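Notes for the one structure printed next.
Within every chain, numbering begins at 1; the chains are lettered A, B, ... in the order of the sequence lines, protein sequences first and strands thereafter. Note that the structure is predicted; figures quoted are calculated from it, not measured.
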There are 2 protein chains.
Amino acid sequence: MYARGIPRPTLERLPRYLRALRRHEDAGEVFISSSRLGAEAGIEEFQVRKDLTHVEVTGRPSKGYPVGDLIAALRKLLGLTGQRDAIVVGAGRLGVALSQYPGFANYGFKIVGLFDSDPGKVGSVIGGLRVMPVDSMLEYLSHEGIAMAIITVPAEDAQGVADQLLEGGIKGIWNFAPVALDVPPDVYVRNEDLAIGLASLSYHVSRHRDR
Amino acid sequence: MYARGIPRPTLERLPRYLRALRRHEDAGEVFISSSRLGAEAGIEEFQVRKDLTHVEVTGRPSKGYPVGDLIAALRKLLGLTGQRDAIVVGAGRLGVALSQYPGFANYGFKIVGLFDSDPGKVGSVIGGLRVMPVDSMLEYLSHEGIAMAIITVPAEDAQGVADQLLEGGIKGIWNFAPVALDVPPDVYVRNEDLAIGLASLSYHVSRHRDR
DNA sequence: CTATGTGAAAAAGTTCACAGCG
DNA sequence: CGCTGTGAACTTTTTCACATAG
């Protein structure tokens, strides 16, 4: 019912509801129950109801939640209505993959700039984006008013890049470099160390063997 | 002190300790304190100590934790000593990026197979890996005894791929397709919807604007 | 009779504070 | 002393159960 201070785990689940809801909208369904929504998102139904408590939408007993309204409310809540442009710093394989990742468009996100420090990469056009020199990043940001950036540079360069992003007014950083970034508290950093994903698989698989 | 049932958040932090510890080992340091380790991993020191409770290593008052022993224990705990080969299904940009991601090698992980259903991709060699047809995957798995797989195919193909992986004896799946997979309970699935990352940034950035 | 919304209970995880060991 | 290890307090999140609304 309120929009502030949503629990982190809830926040991670909201996009999954949104995804499932869109399929229902496409199918022309007007209401969806928490149990149905949960089944599609892989989440328990009472968790769904609890999560939706944080959204400005109320369900109807015997019917469920209004699909269209819920989508609109989730989009608003997740900030998917405002400025959604982001840049990628680091035109390696991962940076390139992310800069063209089709899944982002589904949420209205657009990668509008791709930067690299390698002169051999700068100037080339990758998937419709021209690779720009990192040196020009600050100037670029000062013109464009972009709030989100993705870092896919090597660990040793990440802090330097982050410093420039901050100077350029970036308020949210998705950091794929395996290093802890030092930023002021008003800037949100989401760390995504891909190796942790494999390590996690590895742990579970090895426990599996032990049994 | 025990190795079973480690809390999920702890498990996600262990690889970060491992990363920091290796830097210390390289620097020739024999002991490290929880405060130092925490600072490098970006984690509070009491959290570090609590987490290390789950590891078969004990620190020494006034000195800290033995770096070498701790590394060995973490590696063992995370299953980084056994079979660490994995395959990638889906040779799109993301699949290719992951199949060559240098960060995996740091943990001893190796991507040994790359599969795709597109005949136009099959047969080409990408970063030393030959793209193999998905049709041959089951046979491949039955020979190789691989336990981990990464799915980067489109959402609509993901369940079909997962079914084949299960049949091939895969016990851990890292799923980048934005869909909930249906698998038996003894198979571990880690879902990684990249759009959630951007949505999360977006939420925090938009709250930032509101203030 | 079905499905929401929510207090209350339970579980999980974090933080603290400090006893105790080298 | 310095730094670990951990019980206990606290906080957050999940789970449950059920009154309530259409």
Side-chain angles (χ1 to χ4, degrees), chain A residues 1-17 20-21 24 29-71 73-74 77 191 196 200 203, chain B residues 1-17 20-21 24 29-71 73-74 77 191 196 200 203:
Chain A
M1 291 313 194
Y2 53 91
R4 304 245 152 213
I6 294 181
R8 191 185 257 268
T10 295
L11 203 54
E12 304 274 309
R13 288 187 293 262
L14 295 182
R16 298 168 64 180
Y17 300 138
L21 285 165
H24 273 268
E29 312 213 23
V30 182
F31 285 93
I32 185 172
S33 68
S34 56
S35 59
R36 186 97 175 280
L37 181 52
E40 298 204 16
I43 292 167
E44 294 298 321
E45 59 172 298
F46 37 77
Q47 185 70 77
V48 172
R49 289 202 297 274
K50 202 60 136 183
D51 286 342
L52 294 187
T53 275
H54 300 279
V55 179
E56 293 173 331
V57 158
T58 168
R60 297 243 300 262
S62 300
K63 304 204 86 176
Y65 296 87
V67 174
D69 292 354
L70 192 46
I71 289 175
L74 285 174
L77 185 57
N191 290 299
I196 289 178
S200 172
Y203 168 77
Chain B
M1 289 311 194
Y2 52 91
R4 305 245 151 216
I6 295 180
R8 191 186 257 268
T10 295
L11 203 54
E12 305 273 310
R13 287 186 293 262
L14 295 182
R16 298 168 64 179
Y17 300 138
L21 285 165
H24 273 266
E29 310 213 24
V30 182
F31 286 93
I32 184 172
S33 67
S34 56
S35 58
R36 187 99 178 277
L37 181 50
E40 298 205 17
I43 293 167
E44 295 298 321
E45 59 173 296
F46 37 77
Q47 185 70 76
V48 173
R49 291 203 294 276
K50 203 60 138 183
D51 286 342
L52 295 186
T53 277
H54 301 279
V55 179
E56 294 172 332
V57 157
T58 167
R60 297 243 301 261
S62 301
K63 305 204 86 176
Y65 297 87
V67 174
D69 291 356
L70 191 47
I71 288 174
L74 285 174
L77 185 58
N191 290 300
I196 289 178
S200 172
Y203 169 76

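To the nearest angstrom, P of D:dT4 lies 12 Å from OH of B:Tyr17. A straight line from CG of B:Leu37 to P of D:dC3 spans 14 Å, rounded to a whole angstrom. Rounding to whole angstrom units, CD of residue B:Glu12 and C1' of C:dT14 are separated by 16 Å. Atom P of nucleotide C:dA3 and atom CG of A:Leu52 are separated by 15 Å, given to the nearest angstrom. Rounded to an integer number of Å, the gap from CD1 of B:Ile6 to C1' of C:dA12 is 15 Å. Rounding to whole angstrom units, NZ of residue B:Lys63 and C1' of D:dC1 are separated by 15 Å. Summarising the geometry, the separation between CG on A:Leu14 and C1' on D:dT13 is reported as 14 Å, rounded to the nearest angstrom. Rounded to a whole Å, the CD atom of A:Glu45 is 16 Å from the P atom of C:dT6.
Note on A:Arg36 versus A:Glu29: salt bridge recorded, some NZ/NE/NH1/NH2 to OD/OE distance being below 4.0 Å.
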* Decide yes or no on side-chain contact (heavy atoms from CB on, under 4.5 Å) for A:Val57 and A:Leu52, but give the supporting numbers first. => CA-CA 8 Å; A:Val57 158; A:Leu52 294 187; over 6 Å; no

* Check the pair B:Leu11 / A:Tyr203 against side-chain contact (heavy atoms from CB on, under 4.5 Å), numbers first and verdict last. => CA-CA 9 Å; B:Leu11 203 54; A:Tyr203 168 77; 3.2 Å; yes

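Dashed line: the shortest gap from a side-chain N or O of B:Arg13 to OP1 or OP2 of C:dT14 is under 4.0 Å. The phosphate of D:dG5 has OP1 or OP2 within less than 4.0 Å of a side-chain N or O from B:Thr58. Contact annotation: A:Tyr65 reaches the phosphate of C:dG5 (side-chain N/O to OP1 or OP2, under 4.0 Å). The phosphate of C:dT4 (OP1 or OP2) has a side-chain N or O of A:Ser34 nearer than 4.0 angstrom.
Of the two residues contacting DNA chain D, namely A:Phe46 and A:Pro9, the nearest-nucleotide position lying further toward the 5' end is that of A:Pro9. Place A:Ser62 and A:Lys50 on DNA chain C by their nearest nucleotides, and A:Ser62 ends up nearer the 5' end. Taking the nucleotide of DNA chain D with the nearest heavy atom to each of A:Asp51 and A:Arg60, the more 5' of the two is matched to A:Asp51.
For B:Arg49 against D:dG5, a side-chain-to-base donor-acceptor contact under 3.5 Å is present.
Expressed to the nearest 0.5 Å, how far NE2 of B:His24 lies from OH of B:Tyr65 amounts to 14.0 Å. Here CD of A:Glu40 is found 5.5 Å from CD1 of A:Ile32. Values are rounded to the nearest 0.5 Å.
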